[in-house]
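These notes concern the structure reproduced below.
What you see below is based on every heavy atom in this structure, not just the backbone, and it leaves out hydrogens, waters and symmetry mates.
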Amino acid sequence: MTQIDRSAVEQALASYQDPYLKTDLLSAGCLRSLQIDNGRVSADIVLGYAAGNIVSGIAQMLSVAVENLPGVEAAAVNVGWEVQSAPTQGSIEALANVKNIIAVASGKGGVGKSTTAVNLALALSREGARVGVLDADIYGPSMGLMLGLPSGTRPQVREQKWFVAPRAHGVQVMSMAFLADDNTPVAWRGPMVSGALMQLLTQTAWEDLDYLVIDMPPGTGDIQLTLAQKVPVTGSVIVTTPQDIALLDARKGIEMFGKVNIPVLGVVENMAVHICSNCGHAEHLFGEGGGTRLSDEYGVDLLASMPLSLMIREQADSGKPTVIAEPECQISMLYQDMARHVGARIAARAAQGAMPEISISDD
């Protein structure tokens, strides 16, 4: 019987370059165990980001790669995923039952930030993660509508001090809209708004979240500063359009997060191109390549470049965002890809704090 070369097995496992971690799985520290028993090889690999839709394909590919090695009679490569808490800014105390907080922000309104936030949350959930959404736009909350929660939805109260977040499409949701009348404007000054945000965040009984997505209001004002000073944020996602004026404001957002030591996980470019529904002609109505230039300028990922699509708007307004309404369509696949990129950037930060133990044996 040909003896199995351990280094050859490791090389076969390292043949897969993860497009989200941007390295092979051994270099990324994802190999948890490797066992060689006569002609049988078994390995356990754990990705650090929610990847429920792709792990079976990776496992099958790696199993075949190992089985093709000399001396290997059978190979079983198990691939799973597990989300760990990543470092946050300063020494802010972690939020109970929440591993990672993602702030989705923009420098200006009208660039599709809330649509991005809700589809990101739903895409992370479709990968198998436990996800919550906090609507931090106190003046113009929209998450309840976009997630199809009926008007008049109110959170239950537990032990007279905890809000129980309503659920929509498997995601826990909390919004100022659940505590105020739909037609009553919130005419509050900055300190009251910041206080309301902290109350929503800290007095909601979040249930074991891998990711909490915060839909930020546009700009760089009181709410953003409160978030940076009092909330343990893992990272931010900046949403823009290719338009020069939107890019100008997006730069301000990136600079602000830099000043408060919150890493920017990447940039999402919305309304990048419009495809005519009648003739198929492509037009860059708001300019071209702006998201790429912005991400290159600051050395961050371009997480996604999304089209200007009537379908995205209609489905969000109907309470079933694209990721839920048409999960297999091309646009939903872009959102899923974006979610895995965001998760992988968080996993890379988490890996800086601790490396997993690897168990190797030659039984």
Answer with yes or no whether the side chains of Glu326 and Ser332 bring together a donor and an acceptor at under 3.5 Å.
no
Going by atom types only, do Thr241 and Asn270 share a side-chain donor-acceptor pair under 3.5 Å?
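Result is no, nothing qualifies.
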[X]/[Y] ion pair, N-O < 4.0 Å:
X	Y	result
Arg167	Glu207	yes
Arg293	Asp296	no
Arg40	Glu73	no
Glu82	Arg130	no
Asp301	Lys22	yes

For the side chain of Thr204 and the backbone of Trp206, is there at least one donor-acceptor N/O pair under 3.5 Å apart?
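Looks like no, no N/O pair under 3.5 Å.
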Has Thr202 got a side-chain atom pairing as donor or acceptor with Met198's backbone, closer than 3.5 angstrom?
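Pair found, side chain donor or acceptor close to backbone of Met198.
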I need the full list of ring-ring contact (aromatic ring centres under 6.0 Å, His included) pairs touching residues 222-251, with sequence neighbours left out, sorted by first then second residue.
none
Return each pair, listed once, that meets ring-ring contact (aromatic ring centres under 6.0 Å, His included) where at least one residue sits in residues 34-57; pairs must be two or more places apart or across chains.
Tyr20-Tyr49
Just wondering, do [Y] and [X] contact through their side chains at under 4.5 Å, heavy atoms?
X	Y	answer
Leu25	Tyr16	yes
Leu13	Val66	yes
Leu134	Asp215	no
Leu201	Leu212	yes
Thr240	Ser106	no
Leu227	Ile214	yes

Point-to-point distance, once rounded to the nearest 0.5 Å, from [atom1] of [X] to [atom2] of [Y]:
X	Y	atom1	atom2	result
Ser175	Leu200	OG	CG	7.5 Å
Tyr298	Arg251	OH	CZ	6.0 Å
Met146	Ile324	CE	CD1	12.5 Å

